[in-house]
Amino acid sequence: MYLVVIAWMYVALMMAVAEATSTQGTLLGALVTFVLYGLGPVALVVYLMLAPARRKLLRAREAAEFAAQQEAQRKTSGAEPDAGGHAPADAVAPVRKEP
């Protein structure tokens with residue numbers, strides 16, 4: 001991908017040099033040519049091509065933050081849940097009928 005970017009910037013630079021050195025061209029025209037034919041499109045294409053990498057980096061960062069948050073929450077809660085080794089009790093006591 002970088003080879004295409006470098007080649008396109010070279011072409012845009014040569015177009016700007018041709019504009020600047022021509023008898024009817026100006027330096028302002030060369031600058032506008034370089035920016036509009038070179039920097040603008042290349043910046044847009046590179047930004048769009050790197051979008052999946054940015055998204056992947058963001059997801060990895062969020063996953064790391066979530067894991068750190070879970071680890072911190074586990075450490076602050078004290079013991080591990082159900083670490084006593086006993087069977088868990090029912091949440092609702094059974095209802096007995098009167099004899």
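From a predicted model like this one, the values you see are computed outputs, not experimental measurements.
- A distance of 11.5 Å separates CG of Leu39 from OG1 of Thr33, quoted to the nearest 0.5 Å.
- Cluster membership check: Tyr10 does not share its hydrophobic cluster with Val4, using side-chain heavy-atom separations under 4.5 Å among Ile, Leu, Val, Met, Phe, Trp and Tyr.
- Residues Met14 and Ile6 do not share a hydrophobic cluster, clusters being chains of Ile/Leu/Val/Met/Phe/Trp/Tyr side chains in contact below 4.5 Å.
- Under the 4.5 Å side-chain heavy-atom criterion for ILVMFWY residues, a single connected hydrophobic cluster contains both Val5 and Val45.
- Minimum interatomic distance between Gly38 and Ala12 (heavy atoms only, all atoms of both residues): CA-CB, 3.5 Å.
- The environment of CG in Leu27 is sparse: at most 12 heavy-atom neighbours from other residues, nucleotides or ligands sit within 6.0 Å.
- Contact record, Ala30 with Ala20: CB-CB, 3.7 Å, taken as the closest heavy-atom pair.
- Listed by chain and residue number, Arg74 satisfy the side chain to side chain donor-acceptor pair (under 3.5 Å) test with Glu71 (two or more places apart in sequence, or in another chain).
- Its side chain within the 4.5 Å cluster rule, Leu44 clusters with Tyr47, Leu48 among the Ile, Leu, Val, Met, Phe, Trp and Tyr residues.
- Of the listed residues (Glu19, Met15, Met9), just one forms a side-chain contact (heavy atoms from CB on, under 4.5 Å) with Tyr37, and that residue is Met15.
- Hydrophobic cluster membership is shared by Val46 and Leu13, with clusters built from Ile, Leu, Val, Met, Phe, Trp and Tyr side chains linked at under 4.5 angstrom.
- Minimum interatomic distance between Trp8 and Val42 (heavy atoms only, all atoms of both residues): CD1-CG2, 3.2 Å.
- Heavy atoms from other residues, nucleotides or ligands lying under 6.0 Å from CZ of Arg59 number 12 at most.
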